[in-house]
Amino acid sequence: MSIVVTGATGHLGRLVVEGLLAARVPAGEIAAVVRDKDKAADLAERGVELRVADYSAPETLRGAFAAGDRVLLVSGSEVGRRVPQHRAVVEAARAAGVALLAYTGILGGPDADFDLAAEHKETERIILDSGLPHVFLRNGWYHENYTENLAPVLAHGAVVGSAGEGRIASASRADYAAAAVAVLTGEGHEGKAYELSGDVAWSLAEYAAEVAAHSGKDISYANVPAEQHLAVLTGAGVPEPMAAILVDVDAAIERGRLAGTSGDLARLIGRPTTPLADAVSVALKG
């Protein structure tokens, strides 16, 4: 039996593997599902088992899991293709007889009413229909969704969005990874759905003020109509379908859909979530 992390060379998956090792899970009891072994060579050198598979190639997933495994399905990154990809993983996990399937969904689960949530909601339905022992890790927004894109903010002196005064209860990617580690290594999580988010919700105006305070630059929040926001994003090179999704997310933020502070994340990781100010400070130090 192993603890299996899919998408293990991605940002979140790699942090989960590192977290398992830090939690003193023996490397030989951790399996990393990867598409490219070379990208996980450092993990293999530390004794982590590599299982090569691709969400888009169901035949490769047959050897990715074994009876009794505890599996973390990290949601795919290809928006629009994730439902068949996730279904393939679920079917392979069911065929193998895994002991637990944890899935990284989105805050709000079935109540999330914005476009980006659709594939997550369908994946949860697929998992429920599979009959697999499961746990849903409904991740809220990451600090890094903003702090990894500070260059244009600093260049133009503005955070541009269309979320109005809506608030975002984000946390760091490492916080969400720590929650996954807690579930994969703990007991009593089967059948649970955790609404994971930061301890404090903030507005984009407050985010702009935080960036200004840490950078010493004059940064403001420019709240613009959705159509203008879309034009700004596409003008910056974001493909129109993804730009439309991001604008729709801002509308959801304005409706309060990413503001929930259930406390589930802090309880799972046993500490407060990472403050936005810390994430901004680290990002600016580069």
Side-chain angles (χ1 to χ4, degrees), residues 10-12 74-83 86 103-124 136-153 156 158-173 175-176 194-198 200-208 210-211 219-262 265 273-274 276 279-280 283:
H11 291 306
L12 181 64
V74 177
S75 58
S77 60
E78 298 174 280
V79 177
R81 300 182 61 191
R82 293 189 287 192
V83 170
H86 294 169
Y103 172 65
T104 62
I106 201 160
L107 192 67
D111 294 327
D113 61 354
F114 45 100
D115 293 344
L116 191 62
E119 290 173 304
H120 292 296
K121 291 159 67 173
E122 179 63 13
T123 299
E124 286 197 6
F136 295 142
L137 302 174
R138 294 172 176 162
N139 290 353
W141 235 222
Y142 298 172
H143 292 327
E144 290 86 352
N145 290 346
Y146 297 97
T147 61
E148 288 180 351
N149 296 286
L150 277 173
V153 172
H156 298 290
V159 173
V160 179
S162 51
E165 297 179 2
R167 306 186 76 78
I168 306 154
S170 64
S172 73
R173 190 178 281 123
D175 291 339
Y176 293 110
Y194 294 109
E195 300 291 340
L196 304 180
S197 59
V200 178
W202 45 270
S203 68
L204 288 176
E206 290 169 343
Y207 170 62
E210 201 70 65
V211 175
I219 309 290
S220 60
Y221 172 46
N223 187 60
V224 299
E227 296 79 8
Q228 186 177 342
H229 189 193
L230 182 67
V232 168
L233 291 171
T234 55
V238 179
E240 186 163 349
M242 179 54 66
I245 285 173
L246 295 175
V247 172
D248 183 66
V249 166
D250 265 25
I253 290 170
E254 188 169 32
R255 296 195 304 274
R257 294 305 191 188
L258 292 173
T261 53
S262 72
L265 181 52
T273 60
T274 303
L276 176 66
V280 171

Undergrad: Sequence neighbours excluded, which residues qualify as side chain to side chain contact (heavy atoms under 4.5 Å, CB included) partners of Pro241?
TA: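 For Pro241 the side chain to side chain contact (heavy atoms under 4.5 Å, CB included) partners, ignoring immediate neighbours, are Pro239.
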Undergrad: Can you list everything that forms a side chain to side chain contact (heavy atoms under 4.5 Å, CB included) with Glu119? Sequence neighbours excluded, please.
TA: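 Applying side chain to side chain contact (heavy atoms under 4.5 Å, CB included) to Glu119 gives Val79, Arg82, Val83.
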Undergrad: Restricting to side chain to side chain donor-acceptor pair (under 3.5 Å), what partner residues turn up for Thr261, sequence neighbours left out?
TA: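 Scan of Thr261 (side chain to side chain donor-acceptor pair (under 3.5 Å), adjacent residues dropped) gives none.
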Undergrad: Glu210: what forms a salt bridge (charged side-chain N to carboxylate O under 4.0 Å, His left out) with it, not counting sequence neighbours?
TA: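 Glu210: no salt bridge (charged side-chain N to carboxylate O under 4.0 Å, His left out) contacts found.
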Undergrad: Check whether any side-chain N or O of Thr147 sits under 3.5 Å from a backbone N or O of Ala283 as a donor-acceptor pair, and report yes or no.
TA: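 Between the backbone of Ala283 and the side chain of Thr147 there is no qualifying donor-acceptor contact (under 3.5 Å).
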Undergrad: Under the rule for side chain to side chain contact (heavy atoms under 4.5 Å, CB included), what residues qualify as partners of Pro152, not counting sequence neighbours?
TA: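 His156.
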Undergrad: Can you sort out the partners of Glu148 under salt bridge (charged side-chain N to carboxylate O under 4.0 Å, His left out), two or more places apart, ordered by chain and number?
TA: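 Salt bridge (charged side-chain N to carboxylate O under 4.0 Å, His left out) check on Glu148 returns Arg173.
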Undergrad: Among all residues two or more places apart in sequence or in another chain, which pass the ring pair (Phe, Tyr, Trp, His ring centres under 6.0 Å) test with Tyr142?
TA: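 Scan of Tyr142 (ring pair (Phe, Tyr, Trp, His ring centres under 6.0 Å), adjacent residues dropped) gives Tyr176.
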Undergrad: Taking only residues two or more places apart in sequence or in another chain, which ones pass ring pair (Phe, Tyr, Trp, His ring centres under 6.0 Å) with His143?
TA: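 His143 satisfies ring pair (Phe, Tyr, Trp, His ring centres under 6.0 Å) with no other residue.
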Undergrad: Examine distances only and state if a side-chain atom of His86 and a backbone atom of Ser75 form a donor-acceptor pair shorter than 3.5 Å.
TA: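 No, His86 side chain to Ser75 backbone: no donor-acceptor pair under 3.5 Å.
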Undergrad: Could you list the donor-acceptor pairs under 3.5 angstrom formed between side-chain atoms of residues 243-257 and any protein atom two or more places apart in sequence or on another chain?
TA:
from: Asp248; atom 1: OD2; to: Asp115; atom 2: N; distance (Å): 2.7
from: Asp250; atom 1: OD2; to: Ser162; atom 2: N; distance (Å): 2.7
from: Arg255; atom 1: NH2; to: Asp113; atom 2: OD1; distance (Å): 2.9
from: Arg257; atom 1: NE; to: Asp113; atom 2: OD1; distance (Å): 3.2
from: Arg257; atom 1: NE; to: Asp113; atom 2: OD2; distance (Å): 3.3
from: Arg257; atom 1: NH2; to: Asp113; atom 2: OD2; distance (Å): 3.2

Undergrad: Once salt bridge (charged side-chain N to carboxylate O under 4.0 Å, His left out) is applied, do any residues pair with Glu144, and if so which ones, sequence neighbours excluded?
TA: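 Once residues adjacent in sequence are excluded, Glu144 has no partner under the salt bridge (charged side-chain N to carboxylate O under 4.0 Å, His left out) criterion.
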Undergrad: Residues in side chain to side chain donor-acceptor pair (under 3.5 Å) with Glu78, at least two apart?
TA: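 With sequence neighbours excluded, Glu78 shows a side chain to side chain donor-acceptor pair (under 3.5 Å) to Arg81, Gln85, given in chain and number order.
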Undergrad: Of all residues at least two apart in sequence or in a different chain, which pass the side chain to side chain contact (heavy atoms under 4.5 Å, CB included) check with Ala112?
TA: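 Result, side chain to side chain contact (heavy atoms under 4.5 Å, CB included) vs Ala112: Ile106, Phe114, Ala117.
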Undergrad: Please confirm whether the backbone N or O of Glu165 pairs with a side-chain atom of Ser203, one donor and one acceptor, at under 3.5 Å?
TA: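 Such a contact is absent between Ser203 side chain and Glu165 backbone.
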